[in-house]
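A short write-up of the structure that comes next.
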Amino acid sequence: MRKLLIVLAGLTVLTGEGGRCAYGADNPEPAAPTATVSQGGPGKKITATGTIEPAEMVDVGPQVAGRIASFGADPHAEGKSIDYGSPVEAGTVLAQIDSEIYATRVEQERAGCARAQAELAQAALHLEHAAAQLQRAQGLEKSKAISGPDFDSANFDYKAAKASVTVAQAVLAQNRAALKRAEIELGYTTVTSPIKGVVIARRVNVGQMVAGTLESASLFLVANLDKLQVWASVSEADIVRVHKQQSVHFTVDAYPGKVFEGKVEQIRLNATMTQNVVTYTVVVAISSPTEKLLPYLTANLAFE
């Protein structure tokens, strides 16, 4: 019986091998499907909102008090005064403050300088006379032809005259400094633009009084629109994944469907908290856009 089972098992194996050989000859078995595995792909994007800001913007305020007498002439529009949207160059006259009182002060200080100059010349003559008297007294003292008190008096007069010259020189220097200050203040009555740009805002009118203090309101807001930035507010959860030169894409409602590009230029660490939400300001430099972007547009950003 055992031999019979062995024979049957052998026939079964041969039959299976034969069937496989017959199937492989006419119908080759298909290979298992394969695929190439790759790593990478787009990571999670950081989104934020921000506003478009000029990279260079100056609040032009008055340095002296007075009444606005006139506005400067618009260099690009004949017969027109400086106003909203006027393009200006560095040094362009924006406004003229009434300068009459400052011009009068300059004349007054010039007169003071002239008087101090005359007093110095007078003191120098007294010193010359006192020096001559002292020299004469010294000659008489050698021959015992002058008394001690007279010699002492001549010596005292010389020293007093010399001190008077020093005082006159100091008074003249003080008057010259006052004249220089008066001339500077007179120059400040002409308000000029410190940069090349466009007048974003004009905050005064002709005839309005302005105060030359740090707390006084500004007269003009001038911005250079050749270089714009986006100031984005990034949450504290995402700020660690933002770095300099990181690519950024953003859109504005003014140009639907248009995507603008930029790179992270600065990460400001002075965080702000609003309703327990901490955000950081990230400055994005805008690549040269084909469309004209305007300041203060709202931008929707995506950091790669």
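Here the structure is a predicted model, which is why all the values come from computation and not from measurement.
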Under a 3.5 Å distance rule, please check whether [X] uses its side chain to pair with a backbone N or O of [Y] as donor and acceptor.
{"X": "E304", "Y": "Q246", "value": "no"}
{"X": "R136", "Y": "Q138", "value": "no"}
{"X": "S153", "Y": "P149", "value": "no"}
{"X": "Y158", "Y": "Q133", "value": "no"}
{"X": "N155", "Y": "F151", "value": "no"}
{"X": "Y102", "Y": "G187", "value": "no"}

Measure the shortest side-chain to side-chain distance between [X] and [Y] over non-hydrogen atoms and say whether it is less than 4.5 angstrom.
{"X": "E265", "Y": "V248", "result": "no"}
{"X": "V210", "Y": "I68", "result": "yes"}
{"X": "V264", "Y": "V283", "result": "no"}
{"X": "Q108", "Y": "T104", "result": "no"}
{"X": "T272", "Y": "Y280", "result": "no"}
{"X": "N224", "Y": "K196", "result": "no"}
{"X": "V64", "Y": "T189", "result": "yes"}
{"X": "V252", "Y": "I52", "result": "yes"}

What verdict does the salt bridge (charged side-chain N to carboxylate O under 4.0 Å, His left out) test give for R105 and E109, after you've listed the backbone C-alpha separation in whole Å, the side-chain angles of each residue and the deciding distance to 0.1 Å?
CA-CA 6 Å; R105 188 174 300 170; E109 297 299 342; over 6 Å; no

Evaluate the criterion side chain to side chain contact (heavy atoms under 4.5 Å, CB included) for residue pair R268 and W231; output intermediate values, then yes/no.
CA-CA 10 Å; R268 298 179 180 175; W231 293 4; 3.9 Å; yes

Taking it one step at a time, do V230 and I286 satisfy side chain to side chain contact (heavy atoms under 4.5 Å, CB included)?
CA-CA 7 Å; V230 180; I286 302 175; 3.7 Å; yes

Return the minimal non-hydrogen interatomic distance between [X] and [Y], and the atom names on each side.
{"X": "M273", "Y": "V278", "answer": "CE-CG2, 3.6 Å"}
{"X": "L301", "Y": "G50", "answer": "CD1-N, 3.7 Å"}
{"X": "V88", "Y": "S193", "answer": "CG2-OG, 3.6 Å"}
{"X": "H243", "Y": "I267", "answer": "CA-CD1, 3.9 Å"}

Would you say [Y] ends up clustered with [X] if hydrophobic residues are merged whenever their side chains have heavy atoms under 4.5 Å apart, either directly or through other cluster members?
{"X": "L219", "Y": "M209", "answer": "no"}
{"X": "F156", "Y": "L127", "answer": "no"}
{"X": "V60", "Y": "V206", "answer": "yes"}

Hydrophobic cluster mates of V93, side-chain heavy atoms under 4.5 angstrom, ILVMFWY only, any path?
none

Below 30° counts as parallel, above 60° as perpendicular, anything between as tilted: where do the rings of F220 and F71 land?
perpendicular

Indicate yes or no: does E185 engage R181 in a salt bridge with an N to O separation below 4.0 Å.
yes

Side-chain ion pair, E107 and R110, N-O less than 4.0 Å:
yes

For a side chain to side chain contact (heavy atoms under 4.5 Å, CB included) check, start with the C-alpha distance between D83 and D74, then their side-chain angles and the critical distance, and finish with the verdict.
CA-CA 8 Å; D83 205 343; D74 191 325; over 6 Å; no

Report, as yes or no, whether the 6.0 Å neighbourhood of atom [atom1] on [X] holds more than 12 heavy atoms from other residues, nucleotides or ligands.
{"X": "N205", "atom1": "CG", "answer": "yes"}
{"X": "Q266", "atom1": "CD", "answer": "yes"}
{"X": "R115", "atom1": "CZ", "answer": "no"}
{"X": "L294", "atom1": "CG", "answer": "yes"}

I'd like to check the salt bridge (Lys or Arg N to Asp or Glu O under 4.0 Å) partners of D152; sequence neighbours left out, ordered by chain and number.
none

One should read off an interatomic distance between L297 CG and L228 CG, to the nearest 0.5 angstrom, of 9.0 Å

Side chain to side chain contact (heavy atoms under 4.5 Å, CB included), that's the test. Do E53 and Y296 meet it? Break it down for me.
CA-CA 6 Å; E53 301 279 349; Y296 311 124; 3.4 Å; yes

Which of these passes side-chain contact (heavy atoms from CB on, under 4.5 Å) with M57: L225, V222, L221?
L221

Contacts of Q208 that satisfy side-chain hydrogen bond (donor to acceptor under 3.5 Å, both in side chains) - sequence neighbours left out
none

